[in-house]
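Quick notes on the structure that follows.
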2 protein chains.
Amino acid sequence: MAINSLMEDFSSLDTSSLVDKVEAKLVQLLKDQKLNVGDSIPKELELAERLGVSRTVIREALLRLRVMGLIESKKKKGAVITSPDIFGIISKSVNPHILDQATLKEMFELRLILEIGMADFIFQRITPADIRELKKIVSKEPDATQDYLFNIEHEIAFHGKLYEITGNETLKKFQRMLLPVFDYVHHSGLLKKQVSIKRYVSHKGLVDIIENGSPEIFRNAMRNHLENHFSRLFE
Amino acid sequence: MAINSLMEDFSSLDTSSLVDKVEAKLVQLLKDQKLNVGDSIPKELELAERLGVSRTVIREALLRLRVMGLIESKKKKGAVITSPDIFGIISKSVNPHILDQATLKEMFELRLILEIGMADFIFQRITPADIRELKKIVSKEPDATQDYLFNIEHEIAFHGKLYEITGNETLKKFQRMLLPVFDYVHHSGLLKKQVSIKRYVSHKGLVDIIENGSPEIFRNAMRNHLENHFSRLFE
DNA sequence: GTTATGCATTATGTATGACTTAATAAAAAT
DNA sequence: ATTTTTATTAAGTCATACATAATGCATAAC
């Protein structure tokens with residue numbers, strides 16, 4: 001029993017640093033005081049005084065918030081609250097060369113999941129202008145013999161447009177984050193070799209379905225279109 | 001011509017702070033030198049000396065890397081490279097109270113996309129043990145009249161298990177990040193009121209399909225299962 | 001010989017004060 | 001009234017000192 005309570009004391013040992021605490025306090029300040037985007041928070045010195053720590057600590061804590069995209073600090077004006085662009089922030093820190101291989105492979109999979117799952121949003125929000133643009137992109141589709149880079153570019157243009165059609169900016173940013181990863185994984189030795197470059201449902205086929213089909217049909221078509229990628233994962 | 005070169009000067013105007021530059025240099029160091037996870041980078045003072053800036057600047061730059069999850073600094077041992085847990089990092093900064101409404105709604109949509117899109121991975125990687133567990137969860141399914149919190153808990157248990165089955169840890173972390181957002185959006189006035197709580201394909205129905213059906217069938221069933229959410233977005 | 005214990009060392013963490021720079025506001029000049 | 005100058009303010013940068021905690025080594029204990 002005595003040991004038990006001792007253990008509890010151990011587990012509840014506060015291992016967090018001063019900066020950690022200040023950071024938590026500041027985040028809570030943002031939450032509690034219902035501060036809106038654009039509002040400015042107290043000056044470094046004032047915070048330092050109020051929390052009874054040095055300006056150094058305050059600066060580090062504020063810096064963390066800044067890296068997380070919660071605030072933006074301007075000279076003279078102090079720090080103002082910003083609407084955090086999460087994926088903008090992290091896409092900066094998503095570096096295929098640094099991420100471990102397991103994570104990279106999982107992000108590769110994530111793309112496949114997204115493109116199959118987003119069918120309903122495409123059908124719900126597509127406009128005639130979108131369809132025209134898709135057709136324009138498809139009309140420029142290079143045949144397999146053409147320059148590799150040109151193929152990549154076309155891939156990105158087509159699939160990127162699909163993301164755009166969903167009208168979901170967060171999703172689009174997510175894709176932008178995934179792009180370099182996908183390319184990296186595709187060419188690294190991380191996956192099995194591409195067995196056959198059979199051509200499944202083409203981009204043109206997908207556009208036809210978008211125009212005349214349904215989300216259900218589109219999902220299966222997209223799944224088929226991505227078969228080359230899936231087979232490298234599953235077989 | 002003069003104007004042109006002037007413009008170039010403008011565009012290339014270096015607006016970045018000292019810390020920005022040091023940060024970039026450090027990231028490049030990680031990339032170039034092919035440093036592996038676990039390797040340690042030079043000490044603060046050494047970096048300060050080599051780059052000709054104060055330790056303060058170095059510390060700020062290192063702090064950024066730390067917030068991004070690229071390094072971890074230990075006393076005495078200096079900073080060591082870590083495998084960044086991206087979603088772990090951002091889920092810390094995903095705070096429904098701080099994110100703007102548009103982003104929140106988009107993240108709500110993101111969940112729907114994921115759960116429909118992940119069918120293939122479920123079917124590919126599911127084990128008999130998984131099916132048993134799913135059935136166990138379903139057997140405890142509360143009827144609609146029961147305690148609200150209990151329902152939520154059940155929802156999370158079931159859908160969380162599905163994510164787990166995909167074997168994609170990154171996806172799972174992503175879900176954990178989305179969870180509070182989803183709950184928040186569900187109850188805020190952000191979406192249209194839930195028109196009818198018709199019951200579509202049930203959890204039990206989904207399990208049956210997982211056992212005897214195919215990814216194609218599952219996708220449509222899941223789409224139907226989520227109809228209540230979709231209708232709040234689309235109608 | 002192996003295991004504790006204590007001590008010195010080292011690198012990050014925190015504190016303080018001074019100075020630089022840039023943005024804003026106030027004052028002065030036109 | 002508008003522009004220019006000046007002063008002020010708060011963040012950015014620097015230097016230094018000390019605190020704290022982890023590591024390794026030396027010594028002591030068994």
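Labels below follow one simple rule: chain letters A, B, ... track the order of the sequence lines, proteins then strands, and each chain is numbered from 1. Given the structure is predicted, the values throughout are model-derived calculations rather than measurements.
At whole-Å resolution of the value, CD in A/E72 and P in C/dA23 are 13 Å apart. Atoms NZ (B/K43) and P (C/dT10) sit 12 Å apart, rounded to a whole Å. In this structure, the NZ atom of A/K77 is 7 Å from the P atom of C/dT24, given to the nearest Å. Atom pair A/E60:CD and C/dG13:P shows a separation of 7 Å (rounding to whole Å applied). Between B/E46 atom CD and C/dA11 atom P there is a gap of 9 Å when expressed in whole angstrom units. To the nearest angstrom, P of C/dG13 lies 9 Å from CG of B/L63. Atoms CG (B/L47) and P (C/dT12) sit 8 Å apart, rounded to a whole Å.
Residues B/R66 and B/E72 are not in side-chain contact: their nearest non-hydrogen atoms beyond the backbone lie 4.5 Å or more apart.
Aromatic rings of B/H159 and B/F182 (six-membered ring for Trp) have centroids beyond the 6.0 Å cut-off, not under it. For an aromatic pair to be called close, the ring centres must be under 6.0 Å apart, and A/F121 with B/F230 satisfies this.
First and last contacts of DNA chain D with chain A, using any nucleotide atom under 4.0 Å from a protein heavy atom and ordered 5' to 3', fall at D/dT8 to D/dT13.
Ranked by how close their nearest DNA chain C nucleotide is to the 5' end, B/E44 and A/K74 are led by B/E44.
Under the side-chain hydrogen bond (donor to acceptor under 3.5 Å, both in side chains) test applied with B/Y163, the options B/K172, B/Q175, B/E115 reduce to a single match, B/E115.
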With sugar-phosphate taken as primed atoms, P, OP1 and OP2 and all else as base, the protein-contact string of nucleotides 16-22 of chain C at under 4.0 Å (heavy atoms; B, S, -) is B-B--BS
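Remark: B/E109 engages A/R125 in a salt bridge, criterion side-chain N to carboxylate O under 4.0 Å. By the 4.0 Å N-to-carboxylate-O rule, B/D20 lies close enough to B/R64 to be salt-bridged with it.
At the phosphate of C/dA11, neither OP1 nor OP2 sits under 4.0 Å from any side-chain N or O atom of B/S73.
Ring geometry, A/H229 versus A/H186: the interplanar angle exceeds 60°, so the pair is classed perpendicular (tilted spans 30 to 60°).
Here the side chain of B/H203 pairs no donor or acceptor atom with the backbone of B/E155 at under 3.5 angstrom. Under the 3.5 Å distance criterion, the side-chain polar atoms of B/T166 are left unmatched by any main-chain donor or acceptor of B/L171.
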